[in-house]
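What follows is one structure encoded as structure tokens, with my remarks underneath.
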Number of protein chains: 2
Amino acid sequence: MISDMTLIEETSPRERIVEAADRLFNARGVNSVGMDQLRDAAGVSLKRLYGVFPTKEDVILAVLEKRHRMWTDAVEARIAAAPDARGKVLAVYDFLTDWFRDVDFRGCMFINTFAELGATSPRVAAAIQEHKAGFQRRLADLVTELGGPPSLAAQLALLAEGAQTTAAISGGSDAAAQAREAAITLIDVALTPGR
Amino acid sequence: MISDMTLIEETSPRERIVEAADRLFNARGVNSVGMDQLRDAAGVSLKRLYGVFPTKEDVILAVLEKRHRMWTDAVEARIAAAPDARGKVLAVYDFLTDWFRDVDFRGCMFINTFAELGATSPRVAAAIQEHKAGFQRRLADLVTELGGPPSLAAQLALLAEGAQTTAAISGGSDAAAQAREAAITLIDVALTPGR
DNA sequence: CACTTTAGAGAACGATCGTTCTCTTCGCAA
DNA sequence: TTGCGAAGAGAACGATCGTTCTCTAAAGTG
């Protein structure tokens with residue numbers, strides 16, 4: 001025994017499960033992926049799978065947590081790289097542009113999962129609402145730094161959400177560019193002293 | 001025999017099936033409703049159900065068609081009641097306001113169904129894309145009447161889509177009002193000669 | 001080495017799904 | 001009345017789901 005704490009040699013079973021679940025859930029939806037396929041994709045026995053996650057709902061919640069973390073980190077990296085407050089707000093749409101170009105993009109998993117389980121699983125619904133609320137809060141902070149009113153933040157959030165569903169359904173990554181253009185207009189108007 | 005054409009005495013079995021399916025699909029999602037529950041809700045035998053719709057996918061397509069018709073009719077009624085071109089564009093968001101207030105509102109069924117079946121059923125995916133494309137075309141026509149550029153129509157569509165997902169997930173019908181406000185701003189800027 | 005614990009492989013279980021089949025009843029033409 | 005086609009009620013089927021159980025091999029401990 002090398003250490004008394006659990007040691008991660010390559011990648012832990014938990015990580016492999018979450019990673020495989022993320023990939024499969026994103027590609028085919030939550031309900032279309034069975035636990036057996038999860039076991040095969042993760043290279044883990046069913047016993048261990050259920051040892052780590054007692055329920056499929058727990059797997060889903062873990063995937064959503066990971067998505068939330070990666071999404072937030074990627075957006076924050078974009079924001080941090082922007083030079084000024086205005087650029088920080090627009091960085092959100094730059095992130096969307098890159099994201100929509102990803103070959104694996106199949107829409108926002110939070111929106112998709114809410115459509116599948118929102119009416120059935122309260123825990124999943126709450127996690128999704130928390131994610132969206134967190135994004136809106138972050139956007140509100142950025143808008144406040146910019147000197148804009150809270151109503152502007154709400155409008156910018158609508159543009160981001162609309163871009164995600166439009167990109168998912170109609171395809172094409174230009175939804176992000178259109179959202180960015182609209183955001184620029186809304187910001188300029190909100191920050192113009194006259195009117 | 002009263003007539004040689006099929007006579008609709010009360011409501012036809014087909015209508016009853018589609019109406020029940022619409023209500024159940026909207027409330028719990030497409031995959032969570034079985035054909036047996038559909039039979040019970042429609043008051044129809046399984047044999048007749050499968051006689052009218054050979055497949056569950058056909059039921060879903062029929063429900064989407066009905067939704068598309070009712071959605072389009074309701075929006076067009078709002079548009080027709082507006083006095084001028086600008087009001088006709090804003091009528092779209094007035095419709096959203098009313099819609100989100102409906103106690104049965106559970107998000108846009110097209111978005112929800114795409115999340116559930118978009119990756120699995122090409123026919124369903126195509127119907128959904130056609131619905132969204134039709135909305136964008138109608139919006140583009142209204143914007144053209146207004147004298148605005150096509151890019152404005154795309155931006156206004158993003159606001160409408162974002163309002164629908166936001167209202168579905170975060171609840172509250174104020175998403176429509178926020179979208180309307182943003183739309184006013186975008187329209188005003190696009191129609192202002194200077195700049 | 002003997003023994004206990006652990007974990008892997010996968011069969012099995014009960015539920016539910018979409019779909020089909022069986023059985024029975026009913027309405028109606030001859 | 002007799003015979004027949006249509007339709008309702010619901011059992012049944014095969015597949016798949018989430019979850020649990022069994023069996024066996026391996027590994028750590030005395």
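Quick caveat: nothing in here was measured; it's all calculated off a predicted structure. A note on names: the letters A, B, ... follow the listed sequences, proteins ahead of strands, and every chain is numbered from 1.
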Touch class at under 4.0 angstrom, heavy-atom based, for B:V59 against every strand present: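 No contact.
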Check [Y] with [X], please: is the shortest side-chain N to carboxylate O separation under 4.0 Å?
{"X": "B:K66", "Y": "B:E15", "answer": "no"}
{"X": "A:D58", "Y": "A:R123", "answer": "yes"}
{"X": "A:R86", "Y": "A:E145", "answer": "no"}

Grab the [atom1]-[atom2] distance between [X] and [N] for me, whole Å please.
{"X": "B:L24", "N": "C:dG18", "atom1": "CG", "atom2": "P", "result": "12 Å"}
{"X": "A:L38", "N": "D:dC17", "atom1": "CG", "atom2": "C1'", "result": "13 Å"}
{"X": "B:D36", "N": "D:dA12", "atom1": "CG", "atom2": "C1'", "result": "12 Å"}
{"X": "B:L117", "N": "C:dC17", "atom1": "CG", "atom2": "P", "result": "15 Å"}
{"X": "B:N31", "N": "C:dT16", "atom1": "CG", "atom2": "P", "result": "16 Å"}
{"X": "B:F25", "N": "C:dC17", "atom1": "CZ", "atom2": "P", "result": "12 Å"}

Within residues 39-56 of chain B, residues whose heavy atoms come under 4.0 Å of DNA chain C: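 Residues of residues 39-56 of chain B that come under 4.0 Å of DNA chain C are, in numerical order, B:L46, B:K47, B:Y50, B:T55, B:K56.
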Distance (rounded to the nearest 0.5 Å) between B:Q178 CD and A:S151 OG: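 Atom-to-atom, B:Q178:CD and A:S151:OG are 8.0 Å apart.
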CZ/B:R106: more than 12 non-hydrogen atoms of other groups inside 6.0 Å: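 Enclosed.
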Qualifying residue, where the test is side chain to side chain contact (heavy atoms under 4.5 Å, CB included) with A:V75 and the options are A:F135, A:W99, A:F95: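 When side chain to side chain contact (heavy atoms under 4.5 Å, CB included) is applied between A:V75 and each of A:F135, A:W99, A:F95, only A:F95 qualifies.
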Phosphate OP1/OP2 of C:dT16: any B:Q37 side-chain N/O under 4.0 Å: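 Indeed not, no polar side-chain atom of B:Q37 lies that close.
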